[in-house]
**Q** 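Input: one structure, supplied below.
Note that these values count all heavy atoms, side chains included, but never hydrogens, waters or copies made by symmetry.
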Amino acid sequence: MKRRLLILLMGVATLVAYGQQQEFFDPTRKQAKPKEPYVFSTDWRLQVGYVQNWQHSNSGNMMNPYLHGVEMGATVDFNLPVHFSLQTGLLYTVTYGIIEQHWPATSIEAQHTDGDYIRHHIMEHQLSVPVRAFYRQPLWRQLSMFFYGGPRFVVGLAQPDYLQLHLSDTYGSVIGSKEALEAMGIRTENYDRYAVNDLYRFNMQLGVGGGFEWDKYRLQAGYDFGLNNLAKTRSVAQQHMWEWGWYVSFVYKL
């Protein structure tokens, strides 16, 4: 009997010593999820979408057109720990808009119409480099939500203004005549707004956005706020013009 008791005590002591070195499975304890090891990687993506730019000024002497168009390009994400990433890339934007510049009727035949006006057909070509910080939040299976923010550096390539003149015949020296408008410095021929030094080419913007990601696909939307003045040639000293824009893009990971 004593021998059996001694063997039992030795077995219990052995189990206790072993248990201090080994971790036993406890069904009542919440198991910690294994941490995903961070591995540096990059994701290349293609994107295309709709964009609307708004050029607005603090002076009535400048046009304030809405320009609608397409933005396309490629981006690269540098993946960081805890669902963060940094993104940059190169995007090309082409937009188009129409705006009219009106004056009161200045001739007998124009008094029964909309008066004298010039219709501007403006087309804008730009290249931009976004620099954005991303955060992705997994939701369900391959579905995630993401948010981002950061600057965008925009360079204007060309901004031609195609003019259509709707001016009445000249009855003496009237403001509505083509000659009088040109004497006031108002252009009546087609021109590039960058080439004639109306606008600066560089535009720094600060934007925010977000969207959803499923597998290799993203649907995102954002808004960029122009920070610097684009008015190069000013009719008044305090004249400023900014360009803001919003967009909706479809993105595919290669």
Side-chain angles (χ1 to χ4, degrees), residues 47-74 89-103 113-130 151-168 170 175-205 207 222-249:
Q47 73 176 60
V48 61
Y50 167 79
V51 62
Q52 181 191 85
N53 290 334
W54 177 38
Q55 298 177 349
H56 63 104
S57 67
N58 61 347
S59 171
N61 295 330
M62 295 194 71
M63 297 179 292
N64 297 278
Y66 286 93
L67 306 176
H68 310 264
V70 177
E71 183 174 77
M72 64 191 74
L90 184 64
L91 305 175
Y92 168 70
T93 306
V94 55
T95 54
Y96 174 78
I98 299 177
I99 191 171
E100 295 181 354
Q101 195 172 6
H102 284 260
W103 292 270
T113 66
D114 293 333
D116 296 338
Y117 65 95
I118 297 177
R119 180 173 292 149
H120 300 260
H121 298 259
I122 300 172
M123 182 169 288
E124 183 178 49
H125 302 267
Q126 296 178 329
L127 285 178
S128 61
V129 177
R152 179 198 287 243
F153 304 97
V154 183
V155 176
L157 302 178
Q159 195 170 141
D161 188 344
Y162 304 100
L163 302 176
Q164 287 183 333
L165 306 184
H166 298 268
L167 304 176
S168 58
T170 303
I175 295 179
S177 68
K178 179 178 179 179
E179 294 76 10
L181 293 175
E182 291 176 344
M184 297 169 58
I186 299 175
R187 300 182 184 277
T188 58
E189 302 292 341
N190 300 338
Y191 66 101
D192 186 337
R193 301 176 76 189
Y194 294 128
V196 300
N197 293 324
D198 275 1
L199 303 176
Y200 290 105
R201 293 181 181 271
F202 177 74
N203 183 21
M204 180 176 177
Q205 298 178 327
Y223 202 104
D224 292 304
F225 300 87
L227 302 180
N228 58 293
N229 177 31
L230 301 180
K232 190 173 185 179
T233 301
R234 310 181 189 182
S235 57
V236 293
Q238 296 78 21
Q239 192 171 62
H240 283 69
M241 192 191 86
W242 303 268
E243 182 171 277
W244 297 358
W246 69 271
Y247 56 88
V248 177
S249 302

**Q** Is there side-chain contact between Met241 and Asn64, with at least one heavy-atom pair below 4.5 Å?
**A** no
**Q** side-chain hydrogen bond (donor to acceptor under 3.5 Å, both in side chains) with Glu71: which residues, sequence neighbours excluded?
**A** Thr93, Arg152
**Q** Side chains of Leu163 and His120, heavy atoms from C-beta outward: is any pair under 4.5 Å?
**A**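 Yes, close enough: below the 4.5 Å cut-off.
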**Q** Taking all non-hydrogen atoms of both residues, which atom of His125 and which atom of Pro160 are closest, and how far apart?
**A**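 Result for this residue pair: CD2-CD, 4.4 Å.
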**Q** Check Tyr66, Phe225, Trp242 against His56 for a ring-ring contact (aromatic ring centres under 6.0 Å, His included) and give me the one that passes.
**A** Trp242
**Q** Could you tell me if the side chain of Tyr162 sits less than 4.5 Å from the side chain of Ile122, heavy atoms only?
**A** no
**Q** Of all the heavy-atom pairs spanning Gln205 and Glu243, show the shortest one and how long it is.
**A** NE2-O, 3.0 Å
**Q** State, yes or no, whether a side-chain contact exists between Leu230 and Asn203 at a heavy-atom distance under 4.5 Å.
**A** yes
**Q** Please find the pair of heavy atoms, one from Thr95 and one from Asn53, that lie closest to each other, and give the distance.
**A** CG2-ND2, 4.0 Å
**Q** List the steps, then state whether side chain to side chain contact (heavy atoms under 4.5 Å, CB included) holds for Ile118 with Thr188.
**A** CA-CA 8 Å; Ile118 297 177; Thr188 58; 4.3 Å; yes
**Q** Just checking Tyr223 against Trp54, ring centres under 6.0 Å apart?
**A**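 Centroid distance Tyr223-Trp54: not below 6.0 Å, so no.
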**Q** For Arg193 and Gln55: C-alpha separation, side-chain torsions, deciding distance, then whether side-chain hydrogen bond (donor to acceptor under 3.5 Å, both in side chains) applies.
**A** CA-CA 13 Å; Arg193 301 176 76 189; Gln55 298 177 349; 3.0 Å; yes
**Q** Could you pull out the closest heavy-atom pair between Asn229 and Gln239, with the gap in Å?
**A**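 Shortest heavy-atom separation between Asn229 and Gln239 comes out as ND2-O, 3.7 Å.
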**Q** Checking Tyr96 against His68 for the side chain to side chain contact (heavy atoms under 4.5 Å, CB included) test, could you report, in this order, the C-alpha distance in whole Å, the side-chain angles of both residues, the deciding distance, and whether it holds?
**A** CA-CA 5 Å; Tyr96 174 78; His68 310 264; over 6 Å; no
**Q** Looking at every heavy atom in both Asn228 and Met204, which two are closest together, and how far apart are they?
**A**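 Closest approach of Asn228 to Met204, heavy atoms only: OD1-N, 2.7 Å.
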**Q** Compare all side-chain heavy atoms of Gln47 with those of Met72 and state whether any distance is below 4.5 angstrom.
**A**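 When only atoms from C-beta onward are counted, Met72 and Gln47 do not touch, as no gap falls below 4.5 Å.
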**Q** Go through Leu127 and Val154 one step at a time and tell me if the side chain to side chain contact (heavy atoms under 4.5 Å, CB included) criterion holds.
**A** CA-CA 6 Å; Leu127 285 178; Val154 183; over 6 Å; no
**Q** Mind checking what makes side chain to side chain contact (heavy atoms under 4.5 Å, CB included) contact with Asp192, not counting sequence neighbours?
**A** Ala158, Gln159, Tyr194, Ala195
**Q** Does the Asp161 side chain pair with the main chain of Tyr191, one donor and one acceptor, at a distance under 3.5 Å?
**A**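 Not a single qualifying donor-acceptor pair exists.
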**Q** Of all the heavy-atom pairs spanning Pro130 and Leu91, show the shortest one and how long it is.
**A** CG-CD1, 4.2 Å
**Q** What verdict does the side chain to side chain contact (heavy atoms under 4.5 Å, CB included) test give for Leu165 and Arg119, after you've listed the backbone C-alpha separation in whole Å, the side-chain angles of each residue and the deciding distance to 0.1 Å?
**A** CA-CA 7 Å; Leu165 306 184; Arg119 180 173 292 149; over 6 Å; no
